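All ligand and atom numbering here is 1-based and tracks the order in the structure. Model, not experiment: these values are computed from the prediction.
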Amino acid sequence: MRAVVTGGAGFIGSHLTERLHSEGHEILVIDDLSAGESRVGIIEAVGVEIVRADIRSEQASEAIASFRPEVVFHLAAQMDVRRSVNDPAFDAEVNILGTLRMLSAAANAGARFINTPSGGAMYGELPADSVGFDEETRPAPMSPYGISKLAGEHYCRFFGELRGLEFVSLALANVYGPRQDPHGEAGVVAIFGRKLRDREPCVIYGDGKQTRDYVFVGDVVEAYLAALDRGAGETVNIGTGVETSVVDLYTQMARLAGSEAEPVFEPERAGELQRVALDVSKAKRILGWTPKTSLAEGLQTL
Ligand SMILES: NC(=O)c1ccc[n+]([C@@H]2O[C@H](COP(=O)([O-])OP(=O)(O)OC[C@H]3O[C@@H](n4cnc5c(N)ncnc54)[C@H](O)[C@@H]3O)[C@@H](O)[C@H]2O)c1
């Protein structure tokens, strides 16, 4: 298949690009490299072309038009929650206008569109009586990033209705794995990993009992592959359904690093969600996908 990967030089996108390439698909990456160039070598080494362009630009849309993809995997995004709070207009420009541009280019090319909303940021705080958000949950985003990602969902449906665009939305939990930069949503695994390696103290904000649903990047890539020919018109959660507290995560990572250092506790950060977990039963039903890698196994790959 001919596939475009926007954000293909990013953490998740680089793993997806490599995997698609190894499956024999023909790939074009569109990425402005605003998140850095550290993964460019990996992409270029397998012979995949990178168009260095902003998803909001004509150049990006034209690259899609001339490549004529059958599928567009849309991963490029402003994905720093704190930046979205400080500069919501910039977040909206990239995540709403950029997504609109890519949707329009995919519709013009007659390509399937695989969108990447954030299950963590879109649904809000997990209620005390729930063990995981399902896709029927009424979204309650608590940051401009969650809002812009949710807007992308609505635009997918709009393009589906108006232009007959076939789309699948994968609402990701907190993704972790090799090559992740210590920034953004699931940065905590990357941050702890780097600090433990450098024998620096790790900071935990609040009491460390706040939980997240950590899903391994290799499993996420398999979900994208499953979405190539299944799940049209659906939003599907991709996570594990397992809640892990920050303290528990630290304990596991410190043990693996052979560190006996205690974490440093600092005051809770305003607006931080206390509990996030996704119900992933729909992914099994619709995509035939389940997470295969436990947190203990995934952490050993770092
Ligand atoms: N990492 C997670 O835990 C997580 C969770 C939920 C959703 N997501 C979503 O998954 C996608 C990929 O996330 P990631 O963790 O790989 O992030 P990343 O920052 O590593 O990758 C994003 C890529 O997009 C590129 N990019 C940013 N703005 C761009 C623009 N205007 N034009 C072109 N390229 C641009 C960056 O250079 C980067 O290479 C994002 O859409 C993110 O919102 C990630």
Contacting atoms of ligand 1, where contact means under 4.0 angstrom from a heavy atom of [X]:
X	result
N174	3 (O)
V94	31 (N)
Y145	7 (C), 8 (N), 42 (C), 43 (O)

Does any N/O atom on [X] come nearer than 3.5 Å to any N/O atom on ligand 1?
X	answer
L172	no
R56	no
M79	no
I12	yes
G7	no
I30	no
Q180	no

Side-chain donor-acceptor pair present, [X], [Y], cut-off under 3.5 Å:
X	Y	result
T99	H74	yes
Q78	N95	no
Y123	N237	yes

Handout entry: E166/R157 salt bridge by N-O under 4.0 Å criterion
Key =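 Not counted as a salt bridge, because no side-chain N and carboxylate O are separated by less than 4.0 Å.
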
Practice task
With heavy atoms under 4.0 Å as the rule, classify the contact between D181 and ligand 1 as side chain, backbone, both or neither.
Solution key: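 Neither part.
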
Practice task
Between R39 and ligand 1, find which residue part has any heavy-atom pair under 4.0 Å and reply side chain, backbone, both or neither.
Solution key: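 The answer is the side chain of R39.
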
Handout entry: Centroid separation F113 to F159 less than 6.0 Å
Key =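 Between F159 and F113, which both carry aromatic rings, the centre distance is not below 6.0 Å.
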
Practice task
Using the rule that two of Ile, Leu, Val, Met, Phe, Trp, Tyr join whenever any of their side-chain heavy atoms come within less than 4.5 Å, decide whether Y224 and L20 are in one cluster.
Solution key: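 Same cluster.
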
Problem - Nearest candidate to atom 35 (C) of ligand 1, where distance is taken over non-hydrogen atoms, out of T99, V51, D32 - result: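 Checking each option, the heavy atom nearest atom 35 (C) of ligand 1 is found in D32.
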
